[in-house]
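Beneath this line is the structure, given in structure tokens, with notes to follow.
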Amino acid sequence: MTSLPFVLTLAHLIGLALGVGGASTKLVLLRRCTTDDAFVPTYLAVARPITRLIILGLVLLTASGVGWLLLGYRFTPFLVVKVVLVAAIWVIGPIIDNVVEPAFRNFAPAAGQSASADFVRVRQRYVLLETAATGLFYLILVMGVRL
């Protein structure tokens with residue numbers, strides 16, 4: 001028989017793998033767009049499916065974390081910092097997905113065209129926000145090893 005702590009641990013690890021792996025993959029592919037405008041259509045084709053994996057990872061991480069708290073996991077100041085960082089990802093994520101990424105899609109150069117100044121500006125903002133969100137994932141990962 002499977003115990004609830006085992007299920008919560010498994011969900012947390014799967015969520016972590018999806019979140020960190022998806023965020024890392026998306027950032028690496030986005031960084032490729034900064035040096036190769038011809039790669040932008042390829043990136044746009046895979047960005048949404050990768051984003052879905054990141055969201056699934058965040059949902060699993062959040063749900064399993066809440067489950068651990070309901071089971072009586074101690075709420076320490078260190079854990080509060082970790083929860084705040086997760087909340088920051090929940091704030092940055094929708095900004096990326098609903099504001100910056102659509103602008104990136106709209107200003108993306110057509111095949112064979114050079115990037116416009118608007119596209120370059122949006123791309124810089126996009127890379128900055130994706131780097132911040134991915135960095136938060138890694139910071140949470142490192143903090144989780146300590147807990």
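Side chains included, hydrogens not; waters and symmetry mates left out as well; all remaining heavy atoms used.
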Listed once per pair and sorted, the salt bridge (Lys or Arg N to Asp or Glu O under 4.0 Å) pairs that draw on residues 131-140, sequence neighbours left out: none
Show me the side-chain donor-acceptor pairs of residues 16-33 shorter than 3.5 Å, one per line, residues at least two apart or across chains.
unit_1 : atom_1 : unit_2 : atom_2 : d
Ser24  : OG     : Val20  : O      : 2.7
Ser24  : OG     : Tyr138 : OH     : 2.6
Thr25  : OG1    : Gly21  : O      : 2.8
Lys26  : NZ     : Thr51  : OG1    : 2.6
Lys26  : NZ     : Glu101 : OE1    : 3.0
Lys26  : NZ     : Glu130 : OE2    : 3.2
Arg32  : NH2    : Asp36  : OD2    : 3.3

Closest non-hydrogen atom pair, Ala38 against Pro41: O-CD, 3.3 Å
Under the side-chain hydrogen bond (donor to acceptor under 3.5 Å, both in side chains) test, residues paired with Ser64 that sit two or more places apart: His12
Quiz: residues 85-100 side-chain donor-acceptor pairs under 3.5 angstrom, not counting sequence neighbours:
unit_1 : atom_1 : unit_2 : atom_2 : d
Trp90  : NE1    : Thr62  : OG1    : 3.0
Asn98  : ND2    : Pro94  : O      : 3.3

By ring-ring contact (aromatic ring centres under 6.0 Å, His included) - contacts of Phe104 (at least two apart): Tyr43, Phe119, Tyr126
Sequence-distant partners of Pro5, side-chain contact (heavy atoms from CB on, under 4.5 Å), two or more places apart: Ser3, Trp68, Leu71
Derivation of the side chain to side chain contact (heavy atoms under 4.5 Å, CB included) call for Phe107 and Val120: CA-CA 9 Å; Phe107 290 119; Val120 171; over 6 Å; no
Pairwise side-chain contact, Phe137 with Ile54, heavy-atom cut-off 4.5 Å (strictly under): yes
Within 6.0 angstrom of Phe75 CZ, more than 12 heavy atoms from elsewhere: yes
Pairs touching residues 42-52 that satisfy salt bridge (Lys or Arg N to Asp or Glu O under 4.0 Å), sequence neighbours left out: none
Transitive ILVMFWY cluster of Val66, excluding itself - 4.5 Å side-chain cut-off: Leu70
ILVMFWY network linking Ile14 to Leu53, side-chain heavy atoms under 4.5 angstrom: yes
ILVMFWY network linking Leu10 to Leu61, side-chain heavy atoms under 4.5 angstrom: no
Listed once per pair and sorted, the salt bridge (Lys or Arg N to Asp or Glu O under 4.0 Å) pairs that draw on residues 63-81, sequence neighbours left out: none
Shared hydrophobic cluster for Leu13 and Val59 (ILVMFWY, side-chain gaps under 4.5 Å): no
Atom pair CD1/CG of Ile55 and Leu60 - distance to nearest 0.5 Å: 12.0 Å
Pairwise side chain to side chain donor-acceptor pair (under 3.5 Å) hits with a residue in residues 105-119, at least two apart: Asp118-Arg121
Side chain to side chain contact (heavy atoms under 4.5 Å, CB included) between Leu129 and Gln124, intermediate numbers included: CA-CA 9 Å; Leu129 288 173; Gln124 288 172 338; over 6 Å; no
